[in-house]
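One structure is given here, and the rest of the page talks about it.
The chains referred to below are lettered A, B, ... by the order of the sequence lines, with proteins before strands, and numbering in each begins at 1.
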Amino acid sequence: MYEQEKIRKKKLIKIKLLGINPYPSKIYKTNYNIKKILINKKKIIKNNINLSINGRILSIRNMSKSSFIDIKDYTDNKIQLFYNIKNINKKLINKEYYILLFKKYLDIGDIIWINGKLFLTKVKEYTILINKIKLLSKCIYPIPNIKIKKNKIYKKFKNKEKRYRMRYIDLLLNKKVKKNFLIRSLIIKYLRNFLNKLNLIEVDTPILQNIPGGANAKPFITYHNKFKKYLYLRISNELYLKRLIVGGFKGVYEFSRNFRNESIDKNHNPEFTILEFYISYKNYIWMMKLIEKLLKYICKKTFNKYKIKINNNIIDFSKKIKKIKLFNIIKKYTNLNINENTSLKELIKKSKKLKINIKENENTKEKIIDNIFNKYCKKKIKKPLFIIDYPKYMSPLAKSKIKNKKLTERFELYINGKEIANAYTELNDPYDQFKRFKKQNKKFIDKDFIKSLKIGMPPTVGIGIGIDRLIALFTNNNNIQEIILFPQMK
RNA sequence: GACUUGGUAGCUCAGCUGGUAGAGCAUUACACUUUUAAUGUAAGGGUCCUGGGUUCGAAUCCCAGCCAGGUCACCA
């Protein structure tokens with residue numbers, strides 16, 4: 001690094017001394033991108049079209065009095081450039097052309113603008129004969145070189161730590177990585193389209209909250225100097241979106257960046273994105289149908305097909321998603337006969353064989369069931385599956401079922417062993433909600449939210465979809481770091 | 001948090017049971033008038049993650065730490 005950077009710095013100084021600005025502010029017009037050139041190559045040659053393009057240099061081959069340069073642009077296509085000493089005698093050649101090309105001041109990684117005409121070389125490669133050239137930005141830090149020689153690929157930049165810490169290089173060199181983020185962008189775009197078609201309103205709610213509510217997780221704490229009080233980065237936006245439903249919106253959604261002060265692994269980043277949306281006068285049954293439509297829609301729009309391969313399983317998003325009751329799936333995989341009436345003592349007894357490890361002070365029914373499910377059921381789910389009939393004690397924000405008050409109108413969506421979404425008909429009884437908050441977490445009770453429920457929230461269904469996990473799923477990545485541009489690192 | 005694998009040149013990686021730090025590509029110089037990610041010759045480039053220890057001698061063995069990956073647990 002030291003050596004090569006030093007050499008390039010010297011070049012930079014020389015270029016400047018010779019009157020060339022290595023970082024010009026002027027914009028040079030282009031009339032093509034490389035993808036467009038490759039598509040229209042025959043036409044371009046036929047009509048003798050003058051091409052102007054931008055790009056980054058990938059490789060340089062100097063041979064005596066002529067040279068070849070490969071450049072790549074934002075379309076991720078590359079094209080070969082050519083210049084020859086014959087051109088030097090022409091009066092047309094400007095100073096910059098001479099200095100950059102013949103003094104060899106260009107490096108791999110430099111960003112240039114060129115103007116020239118397309119021709120076919122002796123070896124039949126479509127190539128641009130350079131007529132004018134401008135340096136747009138000098139590359140000082142050498143990027144890993146891209147080369148294939150004798151069937152060996154010298155293109156690797158695959159050290160994960162380096163890739164994540166220097167994502168700009170990763171994106172530049174690894175096509176797949178860039179593609180993943182293009183898919184991410186598409187999926188979010190189509191989710192928005194879908195929700196907008198439903199006439200939901202996109203909103204922004206506070207990231208800095210007085211009381212971290214709506215989920216059970218450790219928050220990041222910060223301090224407001226003027227208020228002289230602690231504020232919390234949101235762990236969820238749920239309670240704010242519900243306030244908006246109280247306020248009379250028919251439906252709202254937010255792509256919410258949430259923050260949780262927990263450990264990092266392939267499924268968890270301290271900041272992550274959840275899409276939450278709430279629709280009044282609907283319930284969780286309706287939402288299940290909507291989610292089927294939503295998945296089908298984004299799969300089709302993004303990939304132009306309904307079936308995609310995930311972890312060697314083909315998943316067909318045009319099919320109806322099956323439902324199973326929580327206690328039934330537990331029975332299926334563990335043979336354990338439990339239900340919402342099972343007492344804590346009984347649960348502990350029955351689950352003893354399953355090697356569930358719960359800290360003694362956290363010995364609650366919801367923890368034990370959660371544990372059993374995570375350990376024995378979750379990973380077995382490959383195809384999309386709705387899990388329903390969660391007991392009330394596991395669902396502090398969900399409305400109870402009419403026929404069985406101990407169960408709730410709630411479902412979770414699992415695909416490929418991962419929780420993708422969590423939804424329920426929202427609890428809108430303020431006194432019931434207050435009781436449940438008290439049971440769940442005495443430290444943070446959002447009394448203002450209770451007040452909003454007292455004003456009256458219409459029957460409402462709400463859902464949270466883990467966007468990072470959803471995108472990891474659709475891009476067939478097992479690690480969330482691959483689809484978060486800048487994953488958190490120490 | 002536990003276990004496990006790794007950290008050596010710009011990149012990818014060799015380096016055996018301890019004996020002067022290696023390769024390919026990249027870089028620099030020279031040669032060669034259109035090459036298939038050329039070719040030939042030569043050169044430069046290293047805090048072998050950090051700190052201790054063992055030893056005449058440590059990239060290598062031992063201990064501690066840092067950073068990262070994987071698996072599991074916790075957390076959603």
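The partner of B:rU33, taking Watson-Crick or G-U wobble pairs whose two distances both stay under 3.5 Å, does not exist in any strand shown. When Watson-Crick and G-U wobble pairs are counted only if both distances are under 3.5 Å, B:rG1 pairs with B:rC72. Partner assigned to B:rA64 is B:rU50, using Watson-Crick or G-U wobble distances below 3.5 angstrom. Nucleotide B:rA42 has B:rU28 as its partner under the Watson-Crick or G-U criteria, with both atom distances under 3.5 Å.
A:Q4 contributes a side-chain N or O that forms a donor-acceptor pair with the base of B:rA26 under 3.5 Å. Contact of A:E3 with B:rG44 (side chain to base): a donor-acceptor pair of N or O atoms is detected under 3.5 Å.
Protein atom OH of A:Y105 is 13 Å distant from nucleotide atom C1' of B:rU28, rounded to whole Å. With rounding to whole Å, A:D70 atom CG is found 15 Å from B:rA26 atom C1'. Going from atom NZ of A:K378 over to atom C1' of B:rA73 covers 12 Å, rounded to whole Å. Between the CG atom of A:D265 and the P atom of B:rA68 there is a distance of 14 Å, given to the nearest Å. For the pair A:F119 CZ and B:rU35 C1', the interatomic distance rounds to 11 Å; values are reported in whole Å. The interatomic distance linking A:F68 (CZ) with B:rC32 (P) rounds to 17 Å, in whole Å. Following rounding to the nearest Å, A:E5 (CD) and B:rG10 (P) show an atom-to-atom distance of 11 Å. Atom CD in A:E366 sits roughly 11 Å away from atom P in B:rC75 (whole-Å rounding).
Distances shown here put every side-chain N or O of A:K10 at or beyond 4.0 Å from the OP1 or OP2 atom of B:rU28. A:Q481 has a side-chain polar atom (N or O) that falls below the 4.0 Å cut-off from OP1 or OP2 of B:rG69. Proximity of A:K490 to the phosphate of B:rC67: a side-chain N or O atom is located under 4.0 Å from OP1 or OP2. Within the structure, a side-chain polar atom (N or O) of A:K162 is placed less than 4.0 Å from OP1 or OP2 of B:rC11. Remark: A:R61 is not in phosphate contact with B:rA37, judged by side-chain N or O atoms under 4.0 Å from OP1 or OP2. Between A:K158 and the phosphate of B:rC13, there is a side-chain N or O to OP1/OP2 separation shorter than 4.0 Å. Close to B:rC74, at under 4.0 Å from its OP1 or OP2, lies a side-chain N or O of A:N371.
Nucleotides B:rC61 and B:rG18 have their C1' atoms positioned 8 Å apart, rounded to a whole Å. On the P atoms, B:rC13 is 16 Å away from B:rG69, given to the nearest whole Å. Rounded to whole Å, the separation between the C1' atoms of B:rU54 and B:rG45 comes to 33 Å. Remark: the separation of the P atoms in B:rG22 and B:rC3 is 38 Å, to the nearest Å. Taking the C1' atoms as reference points, B:rU50 lies 24 Å from B:rA14, given to the whole Å. Rounded to a whole angstrom, the distance from the C1' atom of B:rG51 to that of B:rA26 is 33 Å. Taking atom P in both B:rA23 and B:rG44, the straight-line distance is 12 Å, to the nearest Å. Nucleotides B:rC48 and B:rA21, compared at atom C1', are 8 Å apart to the nearest Å.
Atom NZ of A:K132 sits in a sparse spot, with 12 or fewer heavy atoms from other residues, nucleotides or ligands closer than 6.0 Å.
Listed nucleotides: B:rC75, B:rU34, B:rC74. Nearest to the side chain of A:K367: B:rC75. The side chain of A:I108 sits closest to B:rA26 out of B:rA26, B:rA73, B:rU34. Of the candidate nucleotides B:rU34, B:rG69, B:rC75, B:rU34 has the atom lying nearest to any side-chain atom of A:K122. Among B:rC25, B:rU12, B:rG69, the nucleotide with an atom closest to any side-chain atom of A:N145 is B:rC25. Side-chain proximity of A:S263 to the nucleotides B:rA37, B:rA73, B:rU34 is greatest for B:rA73. Considering only the side chain of A:N479, B:rG69 comes nearest among B:rU35, B:rG69, B:rC67. Set against B:rU12, B:rA68, B:rU71, the side chain of A:N159 has B:rU12 as its closest nucleotide. Among B:rU12, B:rU35, B:rC67, the nucleotide with an atom closest to any side-chain atom of A:T121 is B:rU35. Side-chain atoms of A:D107 lie closest to B:rU28 of the nucleotides B:rG10, B:rU34, B:rU28. When each of B:rU12, B:rA37, B:rG69 is scored by its nearest atom to the side-chain atoms of A:Y164, the top-ranked nucleotide is B:rG69.
Residue order along RNA chain B, read from the 5' end via each residue's closest nucleotide, puts A:E125 first among A:M489 and A:E125. Taking the nucleotide of RNA chain B with the nearest heavy atom to each of A:E412 and A:K156, the more 5' of the two is matched to A:K156.
Between A:F68 and A:F82, the ring planes lie tilted relative to each other; the angle falls in the 30° to 60° range. Between A:Y97 and A:Y83, the ring-plane angle classifies as perpendicular under the 30° and 60° cut-offs.
For A:N174, the side-chain contact (heavy atoms from CB on, under 4.5 Å) test picks out A:F157, A:R163, A:D170, A:V177, with sequence neighbours left out.
For the pair A:K399 and A:E409, the salt-bridge criterion is not met [side-chain N within less than 4.0 Å of a carboxylate O]. Remark: A:K138 engages A:D107 in a salt bridge, criterion side-chain N to carboxylate O under 4.0 Å. Using a cutoff of 4.0 Å between basic side-chain nitrogens and carboxylate oxygens, A:E366 and A:R436 are not scored as salt-bridged.
A cation-pi arrangement is absent between A:K325 and A:F327 under the rule of less than 6.0 angstrom and at most 45 degrees off the ring axis. For the pair A:R243 and A:Y240, the cation-pi test (distance below 6.0 Å, angle within 45°) is passed.
Note on A:K266: only backbone sugar-phosphate atoms sit closer than 4.0 angstrom, heavy atoms only; bases stay farther off. Across all strands shown, A:Y414 has heavy atoms under 4.0 Å from base atoms, whether or not it also approaches the sugar-phosphate. Counting any heavy atom pair closer than 4.0 Å across all strands shown, A:R8 reaches no nucleic acid atom. The residue A:N267 sits apart from the nucleic acid: no heavy atom pair falls under 4.0 Å.
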